[in-house]
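Everything on this sheet refers to the single structure shown next.
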Amino acid sequence: MRVRLALLILLGAFAPHAGEAEAAPQVPAAAADSRSVMTGDQVVQILDETVDWYRTLGIQQQAATEPSDLLILYANRQTADKVMTLAFEIARANAELLSSEASAAQATEEATASSQSLNRVKKKLDQQRAAIHAQIDAVRRQLAAPKQKKSDLQAKIAVLQGELDLINARINLLANMAQFASETDANGFGANALKAHIDAIAASIPSASAGSAPSATALTAASSAAPVASSAGGTSLSQFGIWDLAAKVFRLSAKARTIETIDRRTAELEEVFTKIRTPSLERLNVLAARGDALAAQAQAEGNSANGANLRGVRDQYDTLAWLFAQTSAIVTPLSNAEVLLNQYRRNLSNWRDATDKQYREALRALGLRLAFFAGLLAIVFAAAELWRRAVFHYVHEARRRSRFLLLRKIVLWCIVVAIAASTFATELGSLATFAGLITAGLAVAMQSVLVSVVGYFFLIGKYGVRVGDRVQIGNVTGEVIDLGLVRLHLMELSGQGSLSPTGRVVAFPNSIIFQASGGLFKQIPGINLAWHEITLTLPADSDYAAIKVRLIEAVTNVLKEYRDDIVRQTQEIQKTAASGAAGDAQPQVQLRFSAAGVDAVVRYPVQLQHAAEIDERVSRELLNVISTHDAGAARIG
């Protein structure tokens with residue numbers, strides 16, 4: 001009621017009075033109020049924006065990894081707690097002014113026609129209640145006098161009491177309706193509901209009710225995370241690997257963007273508070289001007305010794321003082337909040353500068369490490385190229401050259417892997433863990449490849465495969481044209497007697513050496529000798545012994561020019577064979593019975609590169625022997 005009375009006095013004082021229009025300039029109170037007091041929706045919106053800004057502390061806590069970051073985070077948390085407390089002070093002060101405006105509006109509406117009617121009804125009921133009370137008191141005095149009929153008087157008192165109860169009930173109904181009307185303003189947002197909403201928001205943020213007290217959570221986080229951050233921050237960037245440096249660069253870049261976003265939101269909140277503070281300052285200036293005007297008016301009234309006017313000026317002073325205090329309750333927290341937000345932004349600026357410095361240092365270290373890594377790789381590949389050229393220049397034998405080139409490839413990639421591992425990894429422990437995981441994964445995922453790699457070393461053994469060898473794998477016969485670490489390639493050979501290239505290249509994994517069903521056949525290194533057979537059906541009633549001698553002589557004459565090389569290769573086979581069962585590489589003729597008569601099986605050695613020529617000459621000589629012995633009687637089977 002005091003607030004309502006003060007506003008009513010202010011409204012009456014601010015209204016133009018006779019004889020005062022020229023004494024002091026009048027400022028409309030409604031204009032002064034509407035420019036500074038926010039609506040309930042605006043108060044709630046500002047609180048929501050402040051709460052959203054306050055929750056960025058969680059993002060800052062996730063981004064804080066260095067000891068200096070934790071210190072800035074702790075300072076920002078304290079500042080944010082104070083800003084939240086000031087925001088609630090501003091909201092409550094506005095809610096109080098809104099409540100005063102609602103009371104003033106309700107008091108003003110009582111002067112309208114409907115309110116006057118309500119007041120007349122209430123006044124009439126009050127008069128009836130007073131009259132009934134008077135009647136009841138009179139009857140009770142009569143009841144106390146002697147020689148009165150007490151039963152009639154008691155009945156009359158009961159009737160009057162019932163009428164009084166009915167009137168009291170009607171008066172209570174009017175009072176409840178008036179109270180309900182006073183709890184809501186013109187916009188339908190109750191001042192009491194606004195205060196309850198503000199209290200609910202404050203309860204959802206414990207730090208807001210705790211004021212500017214230090215946050216225990218921030219202290220705990222700073223104390224627990226400081227040792228870890230100190231150990232990480234004390235490590236020189238030169239000790240980090242490329243992987244950790246790249247991760248650090250991306251992490252610092254994300255932190256810088258986070259700080260920039262928080263600073264932008266802080267600037268937006270600061271702008272909102274500035275917009276609120278400007279009309280409130282204007283309101284204070286209006287109230288100060290009104291006070292100066294009242295001072296001049298009081299001086300004039302004092303000179304005229306008008307006591308009634310002086311009492312009116314005193315009432316206006318009281319009202320102005322109350323309004324000035326309420327407005328100051330908004331302006332002071334706003335000014336403090338602006339100072340705190342400036343400090344908050346300075347902290348963020350220092351944090352951003354430190355993060356930018358760390359980012360530049362990490363980026364520089366990463367660039368140097370990448371340049372060092374690229375330089376080492378360039379040196380290694382240059383040395384590998386020199387090795388390759390030296391092999392082609394000084395090693396002319398194909399087999400030795402392939403071995404040196406293979407050794408070069410293995411050494412090259414081993415050095416590359418070692419350099420990459422030592423450059424990307426930060427510690428030997430992590431390198432060992434990384435190598436163990438990679439090895440386990442390779443053993444499972446590349447089992448066939450690893451078996452082929454192992455098979456390569458079996459293939460290049462003492463009696464292994466070399467480039468240029470003629471081998472047979474399964475049903476495929478071909479010449480080895482490439483022997484890699486995982487696969488070997490054959491040029492397919494086919495034909496009768498003399499094998500010739502078909503133009504098709506067949507690839508086999510080196511793991512074929514471990515397969516029992518595959519079968520890999522090759523000749524001893526330096527041996528190019530094979531045995532061929534021809535079967536002849538001899539004519540009946542022939543001298544088989546004489547024919548056998550002539551057949552051996554004919555084949556021997558054909559092989560005479562290849563004799564030295566055949567003998568040499570035969571001796572090599574005898575040296576290799578443990579039992580020496582190779583024998584002499586001489587033509588052989590074996591006689592055997594068949595269904596057609598007697599067959600002669602002729603076996604003779606041939607050089608593979610001259611196999612077709614030797615087979616043709618031997619066949620021709622054998623035909624001559626048979627034809628000269630008995631023309632037309634012998635047939636070649």
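Keep in mind that what you see is a predicted model, and the values were worked out from it rather than measured. Side-chain atoms are counted along with the backbone in the values below, which use heavy atoms only and exclude waters and symmetry mates.
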### Message
Does either side chain, that of Asp263 or that of Tyr344, offer a donor lying less than 3.5 Å from an acceptor on the other one?
### Response
no
### Message
Please give me the minimum heavy-atom distance between Ala256 and Thr355, naming the atom from each residue.
### Response
N-CG2, 4.0 Å
#### Entry: Nearest-0.5 Å distance that lies between atom CG in Leu412 and atom CG in Leu407
11.0 Å
### Message
Can you tell whether the side chains of Arg257 and Glu260 come within less than 4.0 Å, N to carboxylate O?
### Response
no
### Query
Which heavy atom in Lys548 sits nearest to a heavy atom in Val589, and how many Å separate them?
CE-O, 3.0 Å
### Query
Do Tyr562 and Val606 pass the side-chain contact (heavy atoms from CB on, under 4.5 Å) test, and can you show the C-alpha distance, the side-chain angles, and the key distance before you say yes or no?
CA-CA 8 Å; Tyr562 308 105; Val606 296; over 6 Å; no
### Asp599 and Gln590: CA distance, side-chain angles, deciding distance, side-chain contact (heavy atoms from CB on, under 4.5 Å) verdict
CA-CA 8 Å; Asp599 292 339; Gln590 295 180 350; over 6 Å; no
### Query
Leu559 and Pro605: which non-hydrogen atoms are nearest, and at how many Å?
CD2-O, 3.5 Å
### Message
Pair Glu268, Arg265 - check salt bridge (Lys or Arg N to Asp or Glu O under 4.0 Å), show working.
### Response
CA-CA 5 Å; Glu268 294 174 355; Arg265 296 187 64 178; 5.7 Å; no
### Message
Could you measure the distance from the CZ atom of Arg77 to the CG atom of Leu70? Nearest 0.5 Å is fine.
### Response
11.0 Å
### Task
Give a yes or no on whether the backbone of Val249 and the side-chain of Ser253 come within a donor-acceptor separation of less than 3.5 Å.
no
### Query
Heavy-atom count around Phe381 CZ within 6.0 Å, excluding the residue itself: above 12?
yes
### Query
Heavy-atom count around Glu616 CD within 6.0 Å, excluding the residue itself: above 12?
no
### Task
Please assess Gln60 against Ile262 for the test side-chain contact (heavy atoms from CB on, under 4.5 Å), listing each intermediate value before the final yes or no.
CA-CA 8 Å; Gln60 297 180 44; Ile262 296 172; 3.1 Å; yes
### Task
Assess whether atom CZ of Arg487 is packed by more than 12 heavy atoms of other residues, nucleotides or ligands within 6.0 Å.
no
### Message
Strictly distance-based, threshold 3.5 Å: is any side-chain N or O of Arg401 a donor or acceptor partner for the main-chain N or O of Val395?
### Response
yes
### Message
Quick one, Tyr604 with Ile614, criterion side-chain contact (heavy atoms from CB on, under 4.5 Å). Give me CA distance, side-chain angles, the key distance, then yes/no.
### Response
CA-CA 10 Å; Tyr604 54 93; Ile614 295 174; 4.0 Å; yes
## Note on the structure
Closest heavy-atom pair, Glu533 versus Val601, reported as atoms and distance to 0.1 Å, is OE1-CG1, 4.1 Å
## Note on the structure
Tightest non-hydrogen contact, residues Asn350 and Ile72, listed as C-CD1, 4.5 Å
### Query
Is it true that Arg617 and Glu621 have a side-chain N and a carboxylate O under 4.0 angstrom from each other?
no
## Note on the structure
Between the CH2 atom in Trp413 and the CZ atom in Arg408, the distance rounded to the nearest 0.5 Å is 10.0 Å
### Query
Side chains of Asn557 and Glu553: donor-acceptor distance under 3.5 Å anywhere?
no
### Backbone of Thr477 reached by a side-chain donor or acceptor of Arg470 within 3.5 Å
no
### Task
Examine distances only and state if a side-chain atom of Asn510 and a backbone atom of Gly484 form a donor-acceptor pair shorter than 3.5 Å.
yes
### Task
Give the minimum heavy-atom separation between Ile259 and Leu348, together with the two atoms involved.
CG2-O, 3.6 Å
### Message
Please report the interatomic distance CD1(Ile534) to CZ(Arg603), rounded to the nearest 0.5 Å.
### Response
12.0 Å
### Query
Say you draw a straight line from OG1 of Thr50 to CG of Leu269; how long is it, rounded to the nearest 0.5 Å?
4.5 Å
